[in-house]
Amino acid sequence: MKKQGAILSPTLIAIVGFLTVCPVVMLALGSFSEGLGAFGTFTTAKYVSAYTDPEFAKIIINTVIFTVGSAIVATVLALFLAYLNTRTNIPFKFLFQIISLVPMMVPHILFAVSWVLLLNPTNGMLNLFLRQILGFEAISLNIYTLKGMILVEGLLDLPIAYLVIAPAMSSFDVSLEESSRVCGASNWRTLFRITLPVLRPAILAAATLVIVRSMASFAVPSVIGMPGRIYVLATHIYRVVATGYATDYGLAAAVGMSALVASITLIFVYRRLTKEGEKYVTVTSRGYRPSTIDLKGARYPLFGIVGVLSFILIVLPVAVLFYTSLIPYSMAPSAKAFASMSWRHYLAVLNDPVSLLSLKNSLLLGVGGATLGIVLSFFVAYTIVKIRSKASGFLESLSFFSFSFPGIVVGIGFMWFFVQTPLYSTIWALLIGYIATYLPYGIRPLTSAFVQIHGNLEESSRVCGGGPLYTMRRIVLPLLVPGIVSGWILMATMFVRELSLSVVLSRPGTEVLAVQILRFAEDGLWGRLSALGILMIFISTTLVLVASLLGKRLTAVKS
C-alpha cells in the first residue's frame, strides 16, 4: 500500500494541481498583463481601469443584491420544506425528495428561458393569457428585473439549501421543543426561540453556500439580466470578453480576481460555520427519540402549497419549453395555438449545421469527458480513502479547490494558459476545463463507495496470491459499480448542460448545446431554442437511463 501511495500520490497531485491551480495562477498573471498578445509585460493598468469604472460600483451592488436575495429565497423555502418533511406528518413525503433532486437535473439555462417565455413583458405566455383570455390589458408582468433574477435563481438553488438544512433538521432532539411547550410556550414561540436558534449554523451554512453558487451562476444573469441591462459580475466579465470590437482579456481577468477572492472568502466562512455546528449538537446517546408534529387540519392545505411548488419547479419549465417548440410564435394556449402546432422548429434545428455540431460536441464531451473524469476520480478517491497519508490529505483539499470558483472565471484562467498552446480553440480545451471544474462530482460518490469496502477483502485476495491489478479487477471494481455509475451520471449531465465555462472557451467549430441555446436566446429565436432545449433534456435523460441500466446489469452479473 505504501509503495502504491509513493507512486500514485505525487502523480495525482501533479495532475489535479494542474487542473485546479493552473487556471488561478494564469488568471492572476493575466490580470497584470496588457493582453493575450503581450503576455509577460506586466502592468496594473487593468486593475485601475476595472475598478475606477463608474459602472463597476453599480455592478457590485447588483451582485450583492442578487446573491443575497437568492440566498434568502432559497434558504427560506428550503427551511419550510425541510421542516414539513422531517418534523411533521404531512402526506406524500416522497415529493420532497423529488423537489430536492429533479431541479438539479434540469439545465439552468432552460429553467431561466422557461420563465422568460412565461413572463416576457411583451409576448410572455402568462401575460398573453392575462390580456387576451382574461382581458386584463393593464397587467404586464416583467421577468427582466432584479426581482425576477432573484426569484428564478432562488428556485434553482433551493435543492442546495435543502440538502444542507434537512439533515440538521431531522437529527434535532425534540425534547428541547417539548420542554419549551411544557413551560407554556406556543408552537410559534418554540419555533423562533428554540428550533431556529439551534439550527442557526446549518441555516447560515446553507445561505452562504447559495451565495457562492449564485455568484458563480451565469445562466440566469445572462438570459434574464442582460436583456434588462442588469449586469452582475459574471455577465460583466462575459460582456468584456464576448462583446465589443476589441476584447480586453486583461480587464476580464482583473474583474475575475474580485469574484475569485469573494468566492474563496465565502467558502472559508462556510467551512467555519459547518465546524461550529458541533457546538449545537442536540443528539446524544441519552434519551434521543425522533417524533413528528401532527398538523391536524393544516395537513392538506400545506401539502397543496408543496404541490404547487413542485409544479413550478419540475413540470412548468419542461411543459413551457415543449409547448413553445411546437407553436410558430409566442401564443397563449388556445384552440388556434393547438391547431397551428408542428415540428417545424425541430426540423430547422436538425437542418442547422451549427446546431448539429453543438449536439455532436456536447455528446462527445458528455460521454467521453465523463468517462475520462470518472477514471481520474477513481484513482483520486482510492488515494484519499485507502492510502491515508499527508499527501492524500493534500490531494483531497486540492481536488475540491475549484468547486467554488465561478465557471466563467476558471474559463478565463484556462484561456490564458491555452492561448500559448495548440489546445487553444479546440474541443480538448473544453474537455480539460470541464474535468477540472466538475471533478468533485466524480470524486464524492466514489469516495463514499470506497469507504464501504473493508480493507480485509483486499488483504484476503493478496493472501490467496492475487496481485494488485487482479484484486482491483476482481474484488474492488465490482463492488464500486454503483458509485462509478452515480459519479459518471453526475459528470455526464453536468458536461452536457455546461454554460459558464463554455462561453469563454468555445470558439467557431467547438460550439456546445448550452452556448448555441444562449445564442438563440440573444437572437430571440424562442422556437428553435425550445426545440434544442428539449433535445438537450432528451440526451441527458437518455444518458442517465443507459448508465443506470448498465449499472444494474453489471451489479446483477456480479451477484
Side-chain angles (χ1 to χ4, degrees), residues 14-31 36 107-109 213 216-219 222 234 237-238 241-242 247 249 252-253 256-257 259-260 263 357-358 360-377 380 398-443 487-488 490-518:
I15 295 172
V16 177
F18 163 76
L19 291 173
T20 56
V21 178
C22 175
V24 177
V25 173
M26 295 306 294
L27 183 78
L29 291 175
S31 68
L36 285 173
H108 287 192
I109 186 170
R213 298 316 301 166
S217 171
F218 180 72
S222 61
I237 294 170
Y238 173 72
V241 171
T247 302
Y249 293 103
M257 286 300 293
L260 194 66
S263 292
L357 183 63
S358 67
K360 177 187 167 187
N361 287 338
S362 287
L363 202 56
L364 175 67
L365 289 166
V367 176
T371 305
L372 288 175
I374 209 66
V375 170
L376 178 59
S377 301
V380 173
L398 203 59
S399 63
F400 288 92
F401 188 56
S402 64
F403 178 70
S404 59
F405 297 163
I408 196 166
V409 174
V410 175
I412 292 173
F414 268 123
M415 190 192 60
W416 278 99
F417 176 77
F418 290 139
V419 76
Q420 308 290 339
T421 70
L423 293 170
Y424 185 67
S425 297
T426 66
I427 198 75
W428 303 108
L430 287 165
L431 179 71
I432 294 171
Y434 284 9
I435 293 175
T437 305
Y438 297 102
L439 191 61
Y441 288 84
I443 293 174
W488 191 90
L490 275 172
M491 295 188 90
T493 51
M494 291 292 172
F495 287 8
V496 169
R497 77 183 202 189
E498 214 291 325
L499 172 65
S500 55
L501 186 136
S502 305
V503 295
V504 178
L505 294 180
S506 178
R507 292 289 181 275
T510 61
E511 291 91 347
V512 292
L513 277 175
V515 172
Q516 184 64 2
I517 286 174
L518 181 63

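Everything numeric here is computed off the predicted structure, so don't read it as measured data. The figures here come from the full heavy-atom set of this structure, side chains too, leaving out hydrogens, waters and symmetry mates.
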Quick check for you: to the nearest 0.5 Å, what is the distance between [X] atom [atom1] and [Y] atom [atom2]?
X: T510; Y: W428; atom1: OG1; atom2: CH2; answer: 13.0 Å
X: Y438; Y: M494; atom1: OH; atom2: CE; answer: 6.5 Å
X: L499; Y: I109; atom1: CG; atom2: CD1; answer: 4.5 Å
X: K360; Y: I427; atom1: NZ; atom2: CD1; answer: 9.0 Å
X: Y424; Y: L505; atom1: OH; atom2: CG; answer: 9.0 Å
X: T437; Y: L430; atom1: OG1; atom2: CG; answer: 10.5 Å

Which pairs would a plain distance check flag for residues 361-377, meaning a side-chain donor or acceptor within less than 3.5 Å of a matching protein atom at least two apart in sequence or in another chain?
unit_1	atom_1	unit_2	atom_2	d
N361	ND2	L357	O	3.4
N361	ND2	E511	O	2.8
S362	OG	S358	O	3.2
S362	OG	L513	N	2.9
T371	OG1	V367	O	2.6
T371	OG1	W488	NE1	3.2
S377	OG	G373	O	2.7

Under the rule for side chain to side chain contact (heavy atoms under 4.5 Å, CB included), what residues qualify as partners of [X], not counting sequence neighbours?
X: S500; result: F218, E498
X: S425; result: R507
X: A252; result: I237, V240, V241, I412

### Query
So F418 and F414, would you call those rings parallel, tilted or perpendicular, with 30° and 60° as cut-offs?
parallel
### Query
Once the angle between the rings of F495 and Y434 is folded into 0 to 90°, is it parallel (under 30°), tilted (30 to 60°) or perpendicular (over 60°)?
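Tilted: the ring planes of F495 and Y434 meet at 30° to 60°.
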### Task
Begin from the C-alpha positions of V496 and T493 and carry the test side chain to side chain contact (heavy atoms under 4.5 Å, CB included) through to its verdict.
CA-CA 5 Å; V496 169; T493 51; 5.9 Å; no
Give me the atom names and distance for the closest heavy-atom approach of [X] to [Y].
X: V515; Y: V503; result: CG2-N, 4.0 Å
X: P406; Y: A216; result: CA-CB, 3.6 Å
X: S506; Y: V512; result: OG-N, 4.4 Å

### Query
Would Y238 and L518 count as a side chain to side chain contact (heavy atoms under 4.5 Å, CB included) if you check the C-alpha gap in whole Å, the side-chain angles of each, and the deciding distance to 0.1 Å?
CA-CA 12 Å; Y238 173 72; L518 181 63; 4.0 Å; yes
### Message
Filter on salt bridge (Lys or Arg N to Asp or Glu O under 4.0 Å), then keep only pairs touching residues 427-441, sequence neighbours left out; what's left?
### Response
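Qualifying pairs, neighbours excluded: none.
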Cut-off 3.5 Å, no hydrogens considered: what does the side-chain donor-acceptor table look like for residues 18-30, sequence neighbours left out?
unit_1	atom_1	unit_2	atom_2	d
T20	OG1	V16	O	2.8

